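Predicted model only: the values in this text are computed from it and were never measured.
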Amino acid sequence: MGKDTIANIITYIRNADMNKKVMVQLPFTNITEKTVKILLREGFVENIRKHRENDKYFLVLTLRYKRNRKESYQSFLNLKRISTPGLRIYYNYQKIPRILGGMGIVILSTSRGIMTDREARLEKIGGEVLCYIW
């Protein structure tokens with residue numbers, strides 16, 4: 001795992017989604033845990049569990065798919081990394097963008113921790129925009 005943990009989370013989930021994997025195993029960090037809990041709370045992920053293997057901790061995610069009549073699985077999870085280590089993007093609470101008119105979420109890193117755009121607007125705090133999810 002590299003230095004950009006948010007980009008790695010997005011890449012792990014996107015690769016598993018493209019290959020129709022039901023479960024994804026992510027290395028455990030505090031940022032990973034808080035970001036994944038937001039995904040679970042907002043309904044983008046079905047389940048999370050913590051797994052220990054050889055003195056290393058992992059988070060195992062169960063991805064959510066919707067099923068068509070033709071018995072094919074279709075994903076509804078789109079992720080986009082916004083702020084990178086080379087270019088940080090910050091917004092105050094009034095300028096935080098709305099994704100799909102409020103259907104998607106923006107994950108922010110604020111002075112009070114990692115939270116969604118709705119929570120940041122309610123608390124009237126801005127922060128670094130980590131990613132968009134719709």
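Salt bridge annotation for Lys37-Glu42: absent, with no cationic side-chain nitrogen under 4.0 angstrom from a carboxylate oxygen. Under a 4.0 Å N-O distance rule, the pair Asp17/Lys20 does not qualify as a salt bridge.
For the pair Leu79/Arg14, a side-chain contact is recorded, criterion being any heavy-atom separation below 4.5 Å from C-beta on. Using a 4.5 Å cut-off on side-chain heavy atoms (C-beta onward), Met115 and Arg112 make contact. Using a 4.5 Å heavy-atom cutoff, the side chains of Ile10 and Cys131 are in contact. Using a 4.5 Å heavy-atom cutoff, the side chains of Ile114 and Ile107 are in contact. Using a 4.5 Å heavy-atom cutoff, the side chains of Ser83 and Tyr90 are not in contact. Looking at Arg81 and Leu130, their side chains come closer than 4.5 Å, going by heavy atoms from C-beta outward. Looking at Leu108 and Thr116, their side chains never come closer than 4.5 Å, going by heavy atoms from C-beta outward. Contact check for Ile99 versus Ile105: no side-chain heavy atoms found under the 4.5 Å cut-off.
Side-chain N or O atoms of Arg49 include none that pairs as donor or acceptor with a backbone N or O of Leu61 at under 3.5 Å. With hydrogens and angles disregarded, no donor-acceptor distance shorter than 3.5 Å links the side chain of Arg88 to the backbone of Val129.
No donor-acceptor contact under 3.5 angstrom links the side chains of Ser109 and Glu128, judged on distance only.
In this structure, Lys50 satisfies the cation-pi test against Phe28, with its NZ or CZ atom closer than 6.0 Å to the six-membered ring centre and inside 45 degrees of the ring normal.
Heavy-atom contacts from other residues, nucleotides or ligands closer than 6.0 Å to CZ of Arg118 number more than 12.
Val45 and Val22 are members of different hydrophobic clusters when ILVMFWY side chains are connected at heavy-atom separations under 4.5 Å. Placement of Val106 and Met103 within a single hydrophobic cluster is found when ILVMFWY residues are connected by side-chain heavy-atom separations under 4.5 Å, directly or transitively. Note on Ile31 and Ile38: same hydrophobic cluster, where clusters join Ile, Leu, Val, Met, Phe, Trp and Tyr whose side-chain heavy atoms are under 4.5 Å apart, directly or indirectly.
Note: Glu119 CD to Ile125 CD1 = 9.5 Å, rounded to the nearest 0.5 Å. Atom CD1 of Ile48 is separated from atom CG of Leu40 by 4.0 Å, given to the nearest 0.5 angstrom. Here the NZ atom belonging to Lys124 is positioned 4.5 Å from the OH atom belonging to Tyr93, to the nearest 0.5 angstrom. With rounding to the nearest 0.5 angstrom, the OG1 atom of Thr11 is 10.5 Å from the CG atom of Leu26. We find the OH-CD1 distance between Tyr91 and Ile82 to be 8.0 Å, quoted to the nearest 0.5 Å.
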Working note: Leu77 + Ile13, criterion side chain to side chain contact (heavy atoms under 4.5 Å, CB included); need CA distance, chi angles, decisive distance, verdict. CA-CA 9 Å; Leu77 184 64; Ile13 293 172; 3.4 Å; yes
Begin with the C-alpha distance, continue with both residues' side-chain angles, and end with the deciding distance and a verdict on side chain to side chain contact (heavy atoms under 4.5 Å, CB included) for Leu59 and Gln25. CA-CA 6 Å; Leu59 290 174; Gln25 187 173 358; over 6 Å; no
Should Tyr57 and His51 be marked as a side chain to side chain contact (heavy atoms under 4.5 Å, CB included) after you check the CA-CA gap, both sets of side-chain angles, and the distance that decides it? CA-CA 6 Å; Tyr57 287 97; His51 177 68; over 6 Å; no
Does Lys80 form a side chain to side chain contact (heavy atoms under 4.5 Å, CB included) with Trp134? I'd like the steps, not just the answer. CA-CA 9 Å; Lys80 184 177 180 184; Trp134 70 95; 3.9 Å; yes
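Summarising the geometry of Tyr12 relative to Pro27, their closest heavy-atom pair is CE1-CD, 3.8 Å, with the distance given to 0.1 Å. Shown here for Pro97 and Asp117, the closest heavy-atom pair between the two residues is O-OD2, 3.9 Å. Ala16 and Leu63 get closest at one heavy-atom pair: CB-CD1, 4.1 Å.
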